[in-house]
Amino acid sequence: MSAEERKHEFVDSIRREQVFRTLETGVRLDGRKMDEYRKIKIEVGPIVKADGSALVQIGNTKALVGVKVLVGTPFPDTPDEGILTVNADILPIASPYEEPGPPDESTIELSRVVDRGIRESHMVDMESLVLEKGKKVYSVFVDVTVLDVDGNLFDAVSYAAVVALATTKYRKATLKGDQVVFSEKRVPLKPKTIPSSVTTAKIGRALVVDPDWVEEAVMDARLTLTFNSNNELCAMQKGGTFGFTPEEILKQMEVARAKAKENRAILKEAIEGAKKK
Amino acid sequence: MTQLISKKNLRLDGRKLDELRPIKLTVGVLKNADGSAYIEWGRNKIMAGVYGPKECHPKHMALPDRALLKCRYHMAPFSVDDRKPPQPSRREIELSKIIREALSPAIVLEDFPRTAIEVYVEVLQSDGSSRIASITAASAALADAGIPMRDLVVGCAVGKVQDKIVADVSDTEDKEGQVDLPVAFMPNLNLITLLQSDGALTKDEFEKAFKLALEKGRYVYEIVRDALLEGFVGRKNEKEGN
């Protein structure tokens with residue numbers, strides 16, 4: 001059953017006051033502008049045992065993604081498509097409020113929102129992942145490990161997943177009767193578009209992008225928007241226990257659209273840089 | 001692929017592009033729950049029940065300054081084409097969370113510190129836009145329970161089907177259409193409390209769809225208000241032996 005979690009309760013009322021008071025003067029507690037991201041650092045391919053991987057840092061938030069491409073049976077309702085699975089895990093070392101055990105509802109939401117952004121942008125050409133229609137398809141596992149939590153997991157995990165997928169090279173499989181044979185030859189998982197996710201938060205009257213942990217702890221509501229390479233909206237999720245006015249939604253949409261473009265350039269640079277190596 | 005919209009701009013079930021399916025809402029349908037509501041929205045059949053404010057279990061979850069809102073969205077195994085295993089799926093866990101977050105700003109939780117308010121949504125038959133029908137029924141059930149509220153939460157799922165913007169997305173339109181965009185909001189406070197989307201939308205398409213969702217949601221609000229009024233009058237008559 002879903003209930004409010006205590007992990008966001010532990011912010012001093014003094015700190016809460018401070019966040020609000022600074023925002024009223026037009027800057028944020030860490031000195032950023034309202035529409036400014038923290039530094040985004042991307043390392044491509046740190047895990048050589050994975051078919052594709054990326055470590056993304058947004059400020060202190062660290063997310064590591066490894067992609068493994070296996071062969072499996074397609075879902076009955078999509079016999080002519082491969083399988084894409086996004087699964088996130090926030091490690092107990094990532095925050096004092098995380099514990100070992102099955103994923104809680106926030107972690108499940110995180111997996112599903114990142115999954116939706118990638119799936120609905122049609123980044124992965126699912127139809128190219130079929131070995132034999134209705135019988136055998138490639139199954140792409142995007143496994144996310146969050147190592148350090150300092151807010152905005154949605155974007156950090158999304159960027160790591162997108163870069164890892166865009167640089168994935170998987171072993172080509174062939175079917176010999178019922179046997180699946182993997183060749184040593186690797187083929188790239190060519191991305192059809194680069195989805196770019198932007199998370200905004202409403203704190204009192206202020207609207208900010210890329211909320212850090214303190215901002216998330218005091219925010220009223222959150223909006224995560226994902227745009228495809230044409231900069232069209234392809235997925236969206238509101239979170240948090242308060243609401244937005246329609247004007248706020250439309251305003252954030254345009255701020256996010258511009259930011260998505262900027263951040264996509266950073267993702268593309270990392271992807272292109274890795275190809276040259 | 002199925003032709004979802006005819007040349008005359010009619011949808012599979014004969015609706016116009018901006019037409020909602022029939023909605024039937026009744027409150028006070030369960031004896032034991034403190035508040036309840038049953039909604040039929042097209043072929044969606046959803047029962048919502050509310051317990052509380054009551055003692056919070058486990059106690060360590062109680063909040064010192066307000067009630068703890070708990071919410072469970074659950075689908076019956078027979079509610080969809082395939083059998084849905086009874087244990088909560090990842091989708092149901094996510095929906096439980098976003099439905100809770102959609103309802104929470106409407107409830108005056110700070111009136112009941114250290115207690116819990118439980119909202120149960122049971123989808124008996126699902127037919128597209130079930131999260132919006134669930135929120136509508138749940139907010140009616142909360143009002144039926146007499147829990148102080150700032151506003152009702154209502155909504156409408158809009159979408160894009162064959163490049164056209166439509167209101168109240170059906171199951172087939174959700175599966176075979178391009179975009180599903182559920183919106184829930186508090187009409188009097190003008191605050192959006194649930195917003196999701198999947199599928200590509202241009203700026204103009206989004207603005208058109210969003211506006212349509214708010215307009216249709218206001219119509220749903222009238223239905224909920226009428227149902228609450230009817231429930232109240234019905235109970236008053238019962239009490240007075242009429």
Side-chain angles (χ1 to χ4, degrees), chain A residues 1-6 9 75-77 85-87 102-113 115-117 119-122 193 195 202 220-250 252-254 257, chain B residues 56 60-61 63-64 66 68-74 81-82 88-106 109 116 118-120 153 175 178-179 181 183-186 189-203 205-207 210-211 213-214:
Chain A
M1 180 140 70
S2 169
E4 195 172 329
E5 287 162 77
R6 295 300 293 274
E9 287 287 303
F75 292 113
D77 54 340
T85 312
V86 178
N87 190 51
D104 61 11
E105 57 173 32
S106 322
T107 314
I108 288 173
E109 186 189 23
L110 173 66
S111 305
R112 286 179 55 88
V113 170
D115 181 296
R116 217 172 289 151
R119 194 178 299 275
E120 297 299 334
S121 71
H122 302 289
T193 184
K202 172 173 168 175
D220 299 302
R222 182 198 77 221
L223 192 63
T224 299
L225 304 129
T226 309
F227 298 88
N228 61 21
S229 289
N230 296 334
N231 238 0
E232 291 166 343
L233 178 73
C234 54
M236 169 166 64
Q237 177 102 340
K238 179 250 165 195
T241 50
F242 198 65
F244 294 101
T245 65
E247 296 72 37
E248 284 170 337
I249 302 260
L250 296 176
Q252 282 181 98
M253 178 92 40
E254 293 324 302
R257 203 186 296 275
Chain B
C56 184
H60 68 84
M61 285 185 77
L63 301 170
R66 60 187 187 279
L68 179 75
L69 181 63
K70 296 183 179 182
C71 177
R72 188 177 91 137
Y73 166 96
H74 182 248
D81 292 337
D82 299 320
S89 63
R90 277 159 48 118
R91 176 179 173 276
E92 285 167 291
I93 293 171
E94 185 204 336
L95 285 188
S96 299
K97 179 173 188 281
I98 63 154
I99 291 173
R100 172 173 63 76
E101 290 174 342
L103 295 170
S104 133
L109 294 167
E118 295 168 356
V119 176
Y120 295 97
V153 187
K175 285 187 182 123
Q178 296 147 296
V179 176
L181 192 155
V183 183
F185 63 109
M186 299 191 278
L189 295 174
N190 201 28
L191 278 176
I192 284 103
T193 63
L194 178 143
L195 184 64
Q196 291 183 295
S197 83
D198 54 62
L201 280 175
T202 63
K203 183 173 186 266
E205 283 171 336
F206 172 76
E207 284 172 12
F210 187 50
K211 217 179 118 198
L214 297 179

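Proteins come first, then strands; the chains are lettered A, B, ... in the order of their sequence lines, and each starts at number 1.
If you measure heavy-atom distances from B/L68 to chain A, the contacts under 4.5 Å come from the side chain alone. Interface residue A/L223: only side-chain heavy atoms are found under 4.5 Å from chain B. Neither the backbone nor the side chain of B/F185 has a heavy atom closer than 4.5 Å to any heavy atom of chain A. With a threshold of 4.5 angstrom between heavy atoms, B/K211 does not approach chain A through any atom at all. Of the two parts of B/L189, neither the backbone nor the side chain holds a non-hydrogen atom closer than 4.5 Å to a non-hydrogen atom of chain A. Both the backbone and the side chain of B/R90 come within contact range of chain A, judged by heavy atoms closer than 4.5 Å. The part of B/L194 that comes within reach of chain A is its backbone (N, CA, C, O), which places non-hydrogen atoms under 4.5 angstrom from that chain. Contacts between A/L233 and chain B at a heavy-atom distance below 4.5 Å involve backbone atoms as well as side-chain atoms.
Side-chain contact between A/E254 and B/K203: present, with at least one pair of heavy atoms (C-beta onward) separated by less than 4.5 Å. Residues A/E105 and B/R100 meet the side-chain proximity criterion, which asks for heavy atoms closer than 4.5 Å. By the 4.5 Å heavy-atom criterion applied to side chains, A/L250 and B/F206 are counted as neighbours. Inter-residue side-chain proximity for A/P246 and B/I192 is flagged as met; some heavy-atom pair is nearer than 4.5 Å. Counting heavy atoms from C-beta outward, B/R72 and A/S2 have side chains that stay 4.5 Å or more apart. Between A/M236 and B/L181, some side-chain heavy-atom pair lies under the 4.5 Å cut-off. Between A/F244 and B/L191 the shortest side-chain heavy-atom distance does not fall below 4.5 Å.
One distance of note links OG of A/S106 with CD1 of B/I93; it measures 11.0 Å at 0.5 Å rounding. Taking CG of B/L195 as the reference point, atom CG of A/L225 lies at 8.0 Å (rounded to 0.5 Å). Atom-to-atom distance recorded for A/I108:CD1 and B/E92:CD is 11.0 Å, nearest 0.5 angstrom. A distance of 10.5 Å separates CZ of A/R119 from CG of B/D198, quoted to the nearest 0.5 Å.
Note: B/R91 leads B/M186, B/E118, B/R91 in heavy-atom pairs under 4.5 Å with chain A. Among B/K175, B/H74, B/K97, the residue making the largest number of heavy-atom pairs under 4.5 Å with chain A is B/K97.
A donor-acceptor contact shorter than 3.5 Å is absent between the side chain of A/K238 and the backbone of B/Q196.
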Checklist entry - What's the verdict on salt bridge (charged side-chain N to carboxylate O under 4.0 Å, His left out) for A/R222 and B/E101, showing C-alpha distance, side-chain angles and the deciding distance? => result CA-CA 11 Å; A/R222 182 198 77 221; B/E101 290 174 342; 5.6 Å; no
Item to complete: Take B/E94 and A/R112 through the salt bridge (charged side-chain N to carboxylate O under 4.0 Å, His left out) test and state the conclusion after the steps.
Response: CA-CA 8 Å; B/E94 185 204 336; A/R112 286 179 55 88; 2.4 Å; yes
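Contact detail for A/E232 and B/A200: the closest heavy-atom pair is OE1-CB, 3.7 Å.
No side-chain N or O of B/Q178 forms a donor-acceptor pair with one of A/E120 less than 3.5 Å apart.
For CG of B/D81, the number of neighbouring non-hydrogen atoms (other residues, nucleotides, ligands) closer than 6.0 Å is 12 at most.
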